[in-house]
Amino acid sequence: MASITSTEHDNLFKSKVLGHPAGLFVLFFTEMWERFSFYGMRVLLVNFLTMAIVGVDFPGWGWSTENAGALYGTYAGMLYLTPILGGIIADRLIGYRWAVVVGAVLMTIGHAAMAVETEVMLYVGLGFLILGTGFFKPNITSIISEMYKYLPEKKDGAYTIFYMGVNAGAFFGMMLCGYLAEKLGWSWGFGLAGIFMLLGTLQFWLAKPLFGKIGGVPEKGREVEISDEEKKDYKPNPFSLFDKILIIVSSVIGFLYLINDPTSKIGDINLLPEKMPFEIGTDAVTGPVGIALVGLALFLILIVSRISRYTKVVRDRMIAVVIFAFFTVVFFLCFEQAASSLVLFARDYVDRTLEGNAALTYNIINSLLTIIPLGIITWVLILLWKQTHKKVLGSNIVLIVCFLGVWALVLWMLGREFSSDSIEITVSWFSILNSFFIITFASMFSKWWESKYNPSAALKYGIGLVLVGIGFAFLAYGSDGINPGVKVSMIWLILAYLFHTLGELCLSPVGLSYVSKLVPARMIALMFGMWYLAIAIGNKLAGSLGGMVDTIKEEYNLSTFFLIFTIIPVAAGILVAVLNPLLKKLMHGVR
């Protein structure tokens, strides 16, 4: 990037909000509106695709859960692959700021396309969202990193503030987009996501005077800085022709499998052969799944081949990253049921109707959950206005319009609910619990990690996986013996989201942090790419396995489906805890 001097850096900190440069809060609100639109759409997609065609107020498309899960899994998986390409383009060609703008515009087009509610526009919309996320996701955080180049001790606090923006956007996006979709119609929900994405893009672009050279077009000839410690263990390891062939072949196979899974199920269009030219197991792995396994095997050969050529300390630490990546796949294939099977469970099997005092209690709680955080964020907006309205008036006006819109929607929603004697809680309401619990418990976990009782990375992973399993155990117990037409108490779903969030706080923020600690700077791109690949595989598996909920329910029962997701993470959590001594040895002192 266009590097900044310490003097230019000091100028950024002249206009402060809560002890941080005003530009951080522009990024806070930009990310907030992007997450508003992303999670607002995400909570609707599987619900909309599988909703009945007739007999409901707002018909969906009546897809099978298998088809909806296949499409969602591919979409979610590709969201974690395109950032690799978007980061490279920004780093070498257009810079972080332009990449954020390009990504935001592409996502705005995607949301607008989905509001049309035709199958062609659905695929077009998802394609634009995938590409837009690739540009947006890696680069907005890179701007923060460059902003605190000369004050690294304040970076943790900056990312904590930024993370609050992520969760605030997710919270209000799922609540308001979900409410409009379920009460007024699907287009209202999809359209609202696009409107706030557009406004978020505009306020970021109009605030560019606050950033100076930060995130600008990259300078030619800039190289990665290498520390003296890294130079001692440096051993050149250029990509061989064999490495490049493995990268190309495994990437093509992986991409074709991601696309083929939904196209073969939904449109009977096969991009991969339905049968392998040779048998490698049961019928389940002789077609596209078998080819995907071959692609994964080739990628593992690539990783093993490259890792084996490094010096011992570097090699051991990279092996540790690979092991953590495996358990990351397990975590996300369970945790991301929140976007598929848990949405369907909330819709079809949870008693969401409240009357009398129960309805009043819910409305009071829902009002407090909504108005208090919105009031706090509005206070931050007022502080930002005081510091920046003379310099970036246009950006501030757009933000005010955004917040007036959110306040109007919130007050309309609460007034509508309070005026009803009987209410039906929206399916999407349960999804906001994850963001609420993160905001509630994040500081507690932060203090735990800073105390003398801070567990090792492996134990954090183990605790996180076990907590996710306990969450599914509540669902397995609550749905045990459920009969057609009978609905269960919402307490089981609330407890599940609570424990899933506690597990997320143990594991999710830890992963990328340890990659950055364990991997030398010159290899960070490859290993971050592998890490995103692990999350992509986890998301794809989550969609595919979540789509099997109806099949497993018919063959066994709903409790069995959730029991599977209880056993898998608990077993993985115990295993990674057992591997703790080995992982400590491989990490060579990194904590």
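Note that the coordinates shown come from a computational prediction; the quantities given were computed from them, not determined experimentally.
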* Asked: Going by heavy atoms in the side chains, are Phe190 and Met41 under 4.5 Å from each other?
  -> yes
* To do: State, with a plain yes or no, whether a side-chain heavy atom of Val26 is found less than 4.5 Å away from one of Thr388.
  => no
* Candidate pair Met78 and Phe255, rule side-chain contact (heavy atoms from CB on, under 4.5 Å), full reasoning -> CA-CA 9 Å; Met78 293 189 72; Phe255 178 76; 3.5 Å; yes
* Structure fact -> Closest heavy-atom pair, Asn139 versus Gly87, reported as atoms and distance to 0.1 Å, is OD1-CA, 4.1 Å
* Structure fact -> Residues Leu206 and Ser395: closest non-hydrogen pair is CB-N, 3.7 Å
* Check whether any side-chain heavy atom of Thr501 lies under 4.5 Å from a side-chain heavy atom of Phe441, and answer yes or no. => no
* Test salt bridge (Lys or Arg N to Asp or Glu O under 4.0 Å) applied to Arg97 - qualifying residues, sequence neighbours left out -> none
* From CA spacing to verdict: side-chain contact (heavy atoms from CB on, under 4.5 Å), Leu45, Leu126 -> CA-CA 10 Å; Leu45 184 58; Leu126 291 177; 4.3 Å; yes
* Taking only residues two or more places apart in sequence or in another chain, which ones pass side-chain hydrogen bond (donor to acceptor under 3.5 Å, both in side chains) with Thr74? -> Lys540
* Asked: Between Val166 and Met32, is any pair of side-chain heavy atoms under 4.5 Å apart?
  -> no
* On the 0 to 90° scale, with breaks at 30° and 60°, tag the Phe211-Phe204 ring pair as parallel, tilted or perpendicular. => tilted
* Asked: Under 6.0 Å from the six-membered ring centre of Tyr39 and within 45° of its axis: does the NZ or CZ of Arg42 meet both?
  -> no
* Asked: Would you say Arg35's side chain and Gly165's backbone share a donor-acceptor pair under 3.5 angstrom?
  -> no
* Audit row: Leu81, Leu533, side-chain contact (heavy atoms from CB on, under 4.5 Å) steps and yes/no -> CA-CA 6 Å; Leu81 296 179; Leu533 175 64; 3.9 Å; yes
* Structure fact -> One should read off an interatomic distance between Leu129 CG and Leu79 CG, to the nearest 0.5 angstrom, of 7.5 Å
* Structure fact -> Paired with Thr30, the side-chain contact (heavy atoms from CB on, under 4.5 Å) test is passed by just one of Phe136, Trp205, Phe162, namely Phe136
* Asked: Given side chains that start at C-beta, do those of Ile144 and Tyr96 come closer than 4.5 Å, heavy atoms only?
  -> no
* Mind checking whether Phe335 and Asn434 have side chains closer than 4.5 Å, heavy atoms only? -> yes
* To do: Just jot down the salt bridge (Lys or Arg N to Asp or Glu O under 4.0 Å) partners of Arg347, sequence neighbours excluded, or say none.
  => none
* Asked: So do Phe48 and Met51 actually touch side chain to side chain, heavy atoms under 4.5 Å?
  -> no
* Inter-residue atom distance Leu433.CG - His500.NE2, 0.5 Å rounding -> 12.0 Å
* Measuring from Met164:CE to Ile439:CD1, what's the distance to the nearest 0.5 Å? -> 6.0 Å
Under 3.5 Å, which donor-acceptor pairs do the side chains of residues 174-187 form with other protein atoms, sequence neighbours left out?
from: Tyr179; atom 1: OH; to: Arg416; atom 2: NH1; distance (Å): 3.4
from: Tyr179; atom 1: OH; to: Glu417; atom 2: OE2; distance (Å): 2.6
from: Glu182; atom 1: OE1; to: Val427; atom 2: N; distance (Å): 2.9
from: Glu182; atom 1: OE2; to: Val427; atom 2: N; distance (Å): 3.2
from: Glu182; atom 1: OE2; to: Ser428; atom 2: N; distance (Å): 3.1
from: Glu182; atom 1: OE2; to: Ser428; atom 2: OG; distance (Å): 3.4
from: Lys183; atom 1: NZ; to: Glu424; atom 2: O; distance (Å): 3.3
from: Trp186; atom 1: NE1; to: Phe58; atom 2: O; distance (Å): 3.0
from: Trp186; atom 1: NE1; to: Pro59; atom 2: O; distance (Å): 3.2
from: Ser187; atom 1: OG; to: Ala115; atom 2: O; distance (Å): 3.0
from: Ser187; atom 1: OG; to: Glu117; atom 2: OE2; distance (Å): 2.5

* Asked: When rounded to the nearest 0.5 angstrom, what is the spacing between CZ in Phe171 and CD1 in Ile438?
  -> 12.0 Å
* Dump the intermediate steps for side-chain contact (heavy atoms from CB on, under 4.5 Å) on Leu192 and Leu409, then the final yes or no. => CA-CA 11 Å; Leu192 184 67; Leu409 286 170; 3.8 Å; yes
* **Nearest heavy atoms of Gly77 and Asn539, plus distance in Å** => N-CB, 4.0 Å
* Around Trp188, counting heavy atoms of other residues, nucleotides and ligands shown, do more than 12 lie under 6.0 Å from its CH2? -> no
* Fit a plane to each ring of Tyr80 and Phe332, take the angle between them on a 0 to 90° scale, and name the class: parallel (under 30°), tilted (30 to 60°) or perpendicular (over 60°). => tilted
* Kindly check if the number of other-residue, nucleotide or ligand heavy atoms within 6.0 Å of CZ (Phe418) is above 12? => yes
Going by atom type alone, with no hydrogens or angles, which donor-acceptor pairs under 3.5 Å involve a side-chain atom of residues 195-202 and a protein atom two or more places apart or on another chain?
from: Thr201; atom 1: OG1; to: Met197; atom 2: O; distance (Å): 2.8

* Taking every non-hydrogen atom, the tightest pair across Pro138 and Gly134 -> CD-O, 3.2 Å
* Does CH2 in Trp385 sit with more than 12 non-hydrogen atoms of other residues, nucleotides or ligands closer than 6.0 Å? -> yes
* Quick one: closest heavy-atom pair of Phe445 and Cys506, and the distance? => CE2-SG, 3.4 Å
* Side chains of Tyr72 and Glu336: does their closest heavy-atom pair fall under 4.5 Å? -> yes
* To do: Would you sort out whether Tyr497 and Phe437 count as a ring pair (Phe, Tyr, Trp, His ring centres under 6.0 Å), showing the intermediate values?
  => CA-CA 8 Å; Tyr497 274 111; Phe437 289 140; 8.2 Å; no
* Asked: What's the shortest heavy-atom distance between Cys402 and Trp33, and which atoms?
  -> CB-CZ2, 3.4 Å
* Asked: How long is the gap from CG on Leu333 to CD1 on Ile535, to the nearest 0.5 Å?
  -> 13.0 Å
Below 3.5 Å, can you tabulate the donor-acceptor pairs from side chains in residues 368-384 to any protein atom, sequence neighbours excluded?
from: Thr370; atom 1: OG1; to: Asn366; atom 2: O; distance (Å): 2.7
from: Thr378; atom 1: OG1; to: Leu374; atom 2: O; distance (Å): 2.7
from: Thr378; atom 1: OG1; to: Trp407; atom 2: NE1; distance (Å): 3.0

* Distance (rounded to the nearest 0.5 Å) between Ser340 OG and Asn47 CG -> 11.5 Å
